[in-house]
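To start, the structure itself, in structure tokens.
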Amino acid sequence: MSVRNRFGTVAAIALTTAVGAVLLSACGPENVDPAPGAGAAATGGAATGSAAPGASGAPGTSGAPGTSGSPAPGGKEVNGTSAANHLTISTGTRTVAMNGTTVDFGTVVRDLAWSPDGKRAAFVNGDGDLVTADPDGGHTVVVAKNPGGETWSHPSWQHATKGAGGDAVPNETERFANLVFASEKGGVLRLKTVPTKTVGGTPEVLTPSRSEGGVEGIPQPPETGNTWANAGGQRGEVAYANTPAGEVFIYDDYIRPNTRDMGKGSQPALSPDGGHVVFVRSVNGHDHLFSRSTDADGKEKDLTPSATTDYTEPAWSPDGRTLAARTPDGVATLPADGSAAPTKVSTVKGLPAYRP
């Protein structure tokens with residue numbers, strides 16, 4: 001089934017969570033802080049998207065977190081995560097697969113994303129709130145409480161890196177320390193943002209725009225229908241998809257507001273250096289992964305030209321060399337340059353994310 005049918009709206013992501021854990025015995029995440037750039041592995045899953053407020057699951061603050069280390073019954077399941085490949089998988093349940101085992105976060109975890117330093121996880125809990133926590137599920141903070149009537153999904157850590165000389169203006173890059181996510185209310189999709197250090201904050205609507213140096217009357221990107229935000233690069237860039245247009249955009253207001261149309265696609269993921277964006281596009285009945293340069297030349301490449309299954313929800317490894325994607329059977333990884341075909345690495349069905 002085409003990704004456009006499965007992910008046409010964020011509301012479609014609001015699913016009832018299935019309880020289950022898939023794991024192999026291994027070290028817990030508290031032992032992990034390997035150097036970024038090790039190999040990759042992944043799993044995927046938009047079916048793990050956010051539920052509406054009050055959906056089934058644990059309360060908005062996590063209970064006693066912990067790890068679980070028993071192998072799956074019969075050894076039929078393959079976890080696929082390890083300290084070496086940095087891969088994690090959230091499945092819409094209380095547990096997250098990482099480091100070859102699973103971690104109980106004490107609350108439902110949907111659409112997990114890691115902070116740039118790998119020390120915090122952001123996700124939407126069973127109450128539909130935006131939450132951050134430590135890698136072991138502890139020290140949970142409700143960054144923003146869902147007011148009701150909205151469905152939140154797919155948070156991403158926006159950030160900017162200081163130059164060699166530091167900020168030209170004091171704390172200039174701090175304004176990019178935000179969580180950007182999608183919000184659906186009454187069938188209308190918008191992007192919202194809230195500072196990462198906020199507790200119980202009120203998100204603001206993020207409306208991508210373009211200024212072209214102050215020129216008035218230039219065409220502006222759509223204000224609604226925006227979803228699947230994914231921050232990357234070093235200048236606070238945010239890639240996102242517009243559902244009505246079926247196109248991918250990149251918004252950047254590091255110097256001045258600028259929004260670039262990257263072409264047809266959905267579920268974008270920006271590379272760690274911001275140089276490429278990977279997205280999903282339906283080709284001959286299957287969802288393929290495409291990569292496009294964010295430079296002016298905009299060179300585009302089908303990374304899965306021989307696909308016989310669907311590849312969705314791509315994620316970049318910390319070193320930018322590997323991509324993970326969800327398939328109907330679990331998770332596959334492939335070189336980011338498309339030099340080799342995808343390889344199945346996990347039978348866990350969930351959203352892949354790499355922990356730096």
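Residues take their numbers from the sequence shown, with the count starting at 1.
A chain of hydrophobic side-chain contacts below 4.5 Å, direct or via other Ile, Leu, Val, Met, Phe, Trp or Tyr residues, connects L112 to V103. Hydrophobic clustering (side-chain heavy atoms under 4.5 Å, transitive across Ile, Leu, Val, Met, Phe, Trp, Tyr) keeps L289 apart from F279. Residues F123 and V96 fall within the same hydrophobic cluster, defined by Ile, Leu, Val, Met, Phe, Trp and Tyr side chains chained together at heavy-atom separations under 4.5 Å. In the hydrophobic cluster analysis, where Ile, Leu, Val, Met, Phe, Trp and Tyr join through side-chain heavy atoms closer than 4.5 angstrom, M262 is grouped apart from V280. The hydrophobic cluster containing V283 also contains V277, counting ILVMFWY residues as joined when their side-chain heavy atoms lie under 4.5 angstrom apart, directly or transitively.
Counted by atom type alone, S317 and D319 present one or more donor-acceptor pairs between their side chains at under 3.5 Å. Between the side chains of S115 and D117, at least one donor N or O lies within less than 3.5 Å of an accepting N or O. Checked by atom type, the side-chain pair T101/N99 shows no donor-acceptor distance below 3.5 Å.
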Stepwise side chain to side chain contact (heavy atoms under 4.5 Å, CB included) test for W114 and R355: CA-CA 6 Å; W114 293 99; R355 182 187 173 197; 3.7 Å; yes

Verdict with supporting geometry, T304 and Y311, side chain to side chain contact (heavy atoms under 4.5 Å, CB included): CA-CA 8 Å; T304 54; Y311 295 100; 3.9 Å; yes

Side chain to side chain contact (heavy atoms under 4.5 Å, CB included) evaluation trace for T333 with L323: CA-CA 5 Å; T333 61; L323 294 169; over 6 Å; no

Side chain to side chain contact (heavy atoms under 4.5 Å, CB included) evaluation trace for V194 with N178: CA-CA 5 Å; V194 64; N178 304 308; over 6 Å; no

Chi angles and distances behind the salt bridge (charged side-chain N to carboxylate O under 4.0 Å, His left out) call for E300, R281: CA-CA 12 Å; E300 186 178 278; R281 182 188 295 166; 2.9 Å; yes

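The neighbour count for K185 NZ, taken as heavy atoms of other residues, nucleotides or ligands under 6.0 Å away, does not exceed 12.
Nearest heavy-atom pair, N226 versus N242, reported as atom, atom and distance to 0.1 Å: OD1-ND2, 2.8 Å. Minimum heavy-atom separation, T88 to T81: CA-CG2, 4.3 Å. The minimum heavy-atom distance linking Q267 with A241 is given by the pair N-CB, 4.1 Å. D253 and F176 get closest at one heavy-atom pair: OD1-CE2, 3.2 Å. Residues H154 and D111 approach most closely at N-OD2, 2.8 Å, considering heavy atoms. Across all non-hydrogen atoms, the minimal contact from P221 to P208 is CG-O, 3.4 Å.
Although no hydrogens or angles enter the test, the distance criterion places no donor-acceptor pair under 3.5 Å between the side chain of D104 and the main chain of T95. Put simply, the side chain of K349 never gets that close to the backbone of R326: no donor and acceptor are under 3.5 Å apart. When atom types are taken as modelled, the side chain of S346 and the backbone of V78 share a donor-acceptor pair closer than 3.5 angstrom. Of the possible polar contacts, one joining the R210 side chain to the P219 backbone as a donor-acceptor pair under 3.5 Å is found. Looking only at distances, no side-chain donor or acceptor of H86 sits under 3.5 Å from a matching main-chain atom of A353. Between the side chain of T294 and the backbone N or O of G275, at least one donor-acceptor pair lies under 3.5 Å. Judged by distance alone, the side chain of D295 and the main-chain N or O of G298 form no donor-acceptor pair under 3.5 Å. Judged by distance alone, with hydrogens and angles left aside, the side-chain atoms of S90 form no donor-acceptor pair with the main-chain N or O of G92 at under 3.5 Å. In this structure a side-chain-to-backbone donor-acceptor pair under 3.5 Å is missing from D287 to T309. Between the side chain of N125 and the backbone N or O of V108, no donor-acceptor pair lies under 3.5 Å.
For residues 192-205, every residue pair satisfying the side chain to side chain donor-acceptor pair (under 3.5 Å) rule, not counting sequence neighbours, is listed here: E150-K192. Pairs passing the salt bridge (Lys or Arg N to Asp or Glu O under 4.0 Å) check and including a residue from residues 220-246, sequence neighbours excluded, do not occur. Residue pairs meeting the ring-ring contact (aromatic ring centres under 6.0 Å, His included) criterion with at least one member in residues 178-209, sequence neighbours excluded, are W152-F181.
Note: L334 CG to T322 OG1 = 8.0 Å, rounded to the nearest 0.5 Å. Considering CG of D310 and OG of S282, their distance stands at 7.5 Å, rounded to 0.5 Å. Going from atom OG of S82 over to atom CG of L87 covers 8.0 Å, rounded to the nearest 0.5 Å. Taken from OG in S156 to CG in N230, the straight-line distance is 4.5 Å, to the nearest 0.5 Å. Note that OG1 of T259 and CD1 of I250 are 10.0 Å apart. Values are rounded to the nearest 0.5 Å. To the nearest 0.5 Å, the span separating CE on M98 from CG on D136 amounts to 9.0 Å.
Contact of the N146 side chain with the D127 side chain is not registered, since no non-hydrogen atoms from C-beta on lie closer than 4.5 Å. Proximity of V345 to N85: side-chain heavy atoms (C-beta onward) are nowhere separated by under 4.5 Å.
With sequence neighbours excluded, the residues that form a salt bridge (Lys or Arg N to Asp or Glu O under 4.0 Å) with R120 are D134. Checked against side-chain hydrogen bond (donor to acceptor under 3.5 Å, both in side chains), H276 has no partners two or more places apart in sequence or in another chain.
The cationic group of R94 does not satisfy the cation-pi geometry with F105, failing either the under 6.0 Å distance to the six-membered ring centre or the 45° limit from the ring axis.
Taking Ile, Leu, Val, Met, Phe, Trp and Tyr as hydrophobic and joining them when side-chain heavy atoms fall under 4.5 Å apart, one finds V180 in a cluster with L191, L206, V238, Y240, F249, Y251.
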